[in-house]
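Written below as structure tokens is the structure these notes are about.
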Amino acid sequence: MSTKTKNKNNKDEGKRDFLVVSTYAMAGIGAASFAWPLIDQMNPAADTLALASTEIDLSSLEEGQAITVKWRGKPVFVRHRTAEEIKNAQEASIDDMRDPEKDSDRVTNEKYIVLVGVCTHLGCVPLGQKSGDVKGQYGGWFCPCHGSHYDHSGRIRKGPAPTNLAVPSYEFLSDTLIKIG
Amino acid sequence: MSKAKFKNPVVKWIDHRLPIFSFMDHELNHYPTPKNLNYFWNFGSLAGIALVTMIITGIVLSMNYTAHVDYAFDSVERIMRDVNHGWLIRYIHMNGASFFFIVVYIHIFRGLYYGSYKAPRELLWILGVLILLLMMATAFMGYVLPWGQMSFWGATVITNLFSAIPLVGESIVTWLWGGFSVDNSTLNRFFSLHFVLPFVIVGVVILHLVALHRFGSNNPIGIDVKGTQDTLPFNPYYTIKDLFGLGVFLTIFAAAVFFFPNFMGHPDNYIEANPMVTPAHIVPEWYFLPFYAILRAIPDKLGGVLFMFGSIAVLFVIPWLDRSSVRSSQFRPIFKIFFWILLADCVLLGYLGAMPAEGIYVILSRIATAYYFFHFLILFPLLPYIEKTKPLPISISEPVLSGSSPASAFAFREKK
């Protein structure tokens, strides 16, 4: 075989490799772009995302009482805290908390604590909204599923939950009317 | 391969073009099987029959089921009350899941006791663990379909396990739900997947059988088949043994279906799902309890999830963790003791999974979880260095304790 043909062969091989690699690359991109709609269809649909916000009238909520409303398929807790509960929540030392957060950062009006009523561990609804409920060692909420204790500010104090109960985005439309979402 | 002779001209004609009859003759009729198999070898075929039962009853149930949050619960109650024989079909399906797991767990512990996962059957074992995983996913999604309280909250807790993944966890959970909580989208996709996954299981079962037939079954003494003197044709010897076992199995199964169909279920699942109220005690189905106990034993969310999935993941690598070349526990005196400890440990974990996560139960869960991982990760690799195994028999037809020499094995063969 002459040097010339050998070089020609090498050149052909290089060309063939290029064609093979680019074919695989294009096929890969094609497969991925076709797979994406199939995967993304499982994400929340437009109507689910457009779920209306919820308004809550707090005028009939007496001190020490709590109500639960449904927002985005989840319970939202609103508790009208007593002076003692507010004091407990504000004075608790945040240094040794798992998810340190000041009470003042978690409320708009310190009388009302508004929380997503879903345990941050594995999603159960904690007890503590009804008068007869077990409220846990810190007097806030207690999740019966795996034993997480939350305080008057909905902060995790004991048990497996990694973070505090979430505070939804909400605003006061008047002194006793809030809009969640 | 010996050419099968078929008398029927139609069979002959077909077999010449599509050798399906030769294949069945080879794999189900003449298929050489160790002659010393005990009744623990029945559970593979029982698992296959359980799978077929589930698929048949499941297809029929789906004809009467409505996968919508407003109708699902009622459609199941309609199956129970109004659909002809609906109660029977649903109870078979419901209890069938439990019995499927009973049979499969016995099958797995059989494999662990007799070292069936060892070379050259590693892939056979891995395919089996894969089937177990698929079964768990299928069973979990099936349990959600009746849309009772346990369905809903079980789905919530289990899907929330993925939120433990750092950074992307929350997005994954939203993706799994198709919303911001377990809702109609979740129910729809679970129904779709619950329908299709059993057929995926059938596919993996076929691979499992192909891998099995490559080297044939392991056997109670765990040594290789040396020749035809060690085997029997599958039919009629093991077809009849399997059928007898099936009769016993069906008797117990029927007793459950007809006399205590709700024994293994939870009364809370006859209350329609309510996203606002979590039942006081959320407990998964019994077959998930040991894994649930491991999840709760770890006082950290991500840690618990990792240990729970790890408890199944470790099963995949058992063939390489166990360094002993002796398969059967019959010749491994120390291994045998630890086998029973492992079995007791798994039963204890199952019990603890059903108990509330507090006090002594948490401590015991931690000890039992530690033992589970100790058994596979430390004991399996180290034991062969300490343990003195008993002498292995020369062959299946001639156990070593009979006092005969290899020559007499030959004589035995001649006599036959």
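Below, chain A is the first sequence line, B the second, and so on; all start at residue 1.
The choice from A:P144, A:G159, A:P75, A:G117 that makes the most heavy-atom pairs within less than 4.5 Å of chain B is A:P75. The choice from A:P160, A:G147, A:P162 that makes the most heavy-atom pairs within less than 4.5 Å of chain B is A:P162. Ranked by heavy-atom pairs shorter than 4.5 Å toward chain A, the options B:T278, B:D183, B:L295 are led by B:T278.
In this structure, chain A has heavy atoms under 4.5 Å from both the backbone and the side chain of B:L161. When heavy atoms are compared at a cutoff of 4.5 Å, B:W153 approaches chain A solely by way of its side chain, counted from C-beta outward. Neither the backbone nor the side chain of B:I298 comes within contact range of chain A; no heavy atom of the residue lies under 4.5 Å from a heavy atom of that chain. Interface remark: B:F152 contributes no atoms to any contact with chain A (heavy atom separation under 4.5 Å). Contacts between A:L127 and chain B at a heavy-atom distance below 4.5 Å are absent for every atom of the residue.
Other residues, nucleotides and ligands contribute more than 12 heavy atoms inside 6.0 Å of the CZ atom of A:F172. Counting non-hydrogen atoms of other residues, nucleotides and ligands closer than 6.0 Å to CZ of B:F180 gives a total above 12.
Nearest heavy-atom pair, B:Y292 versus B:I282, reported as atom, atom and distance to 0.1 Å: OH-O, 3.5 Å.
No side-chain donor from either of A:T120 and B:K301 sits under 3.5 Å from a side-chain acceptor of the other.
The SG atoms of A:C119 and A:C124 are placed at least 2.5 angstrom from each other.
Side-chain rings of B:F140 and B:Y143 stay apart, their centers remaining 6.0 Å or farther from each other.
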